[in-house]
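First the structure, in the form of structure tokens, and then the observations on it.
Everything numeric in this text was worked out from a predicted model, so none of it was measured.
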Amino acid sequence: MNDKAPKSFHEAVGGMIYFPRMLDKIRLHARGELREDCHANMGIVARADWLCCNFLRVEYEALRKRVLEGGADEEILQWCFATGRRLNETDILIWNDFIRKRGWNDSANVRLVSWKLESGHAHRDDLMTIPDYTDVLEGRNP
């Protein structure tokens, strides 16, 4: 198995960040290529996948099935809008600002602190959010 890191939290489709990462995780997992430490967060309540699906008003399992049927990220986002709810510019702004700051002074901060400690990054005061920590962990931003 060749474990791969999924796309960055910061990548966007339709202006919406994180969504491409979630789809990439589903695809990589189905091929047996997703990094092991990403498995535990897939579709789990209060984690980014679940939060994104909940914001879109789609069930994670339905989305997973749709992704595995094939299609581009934009096409799948449009499916989410048709199946759940269509986001407007303000919704996307709110989502992006929320997920971009995940782990900073919120309910996910304890998890971020724990991950930093376990991975030897506790000294990195510049890693204040889960997206920034993840980019470092996955080698995109040393």
Ser119 versus His121, side-chain donor and acceptor atoms under 3.5 Å = yes
Using side-chain contact (heavy atoms from CB on, under 4.5 Å) as the criterion, list what pairs up with Arg47, not counting sequence neighbours.
-> Asn41, Ile44, Arg111, Trp115
Sequence-distant partners of Ala48, side-chain contact (heavy atoms from CB on, under 4.5 Å), two or more places apart | Phe9, Tyr18, Ile99
Got a donor-acceptor contact below 3.5 angstrom from the [X] side chain to the [Y] backbone?
X: Asn96; Y: Ile17; value: yes
X: Lys116; Y: Leu127; value: yes
X: Lys4; Y: Leu28; value: no

Which pair of heavy atoms, one from Asp91 and one from Leu87, lies closest together, and at what distance?
-> OD2-CA, 3.4 Å
In short, Asp49 meets Gly43 closest at the heavy-atom pair OD2-N, 3.3 Å
Could you tell me whether [X] and [Y] have a side-chain N and a carboxylate O separated by less than 4.0 Å?
X: Arg100; Y: Asp97; result: yes
X: Asp106; Y: Lys101; result: no
X: Asp73; Y: Lys7; result: yes
X: Glu33; Y: Arg27; result: no

Atom pair SG (Cys52) and CG (Leu23), whose distance is rounded to the nearest 0.5 Å | 8.0 Å
Any chance you could measure Thr134, atom OG1, to Arg21, atom CZ, to the nearest 0.5 Å?
-> 5.5 Å
Under 4.5 Å between side-chain heavy atoms, hopping through other hydrophobics if needed: is there a path connecting Trp104 to Val110?
-> no
Please list, chain by chain and in numerical order, all residues satisfying ring pair (Phe, Tyr, Trp, His ring centres under 6.0 Å) with Phe55, sequence neighbours excluded.
-> Trp95
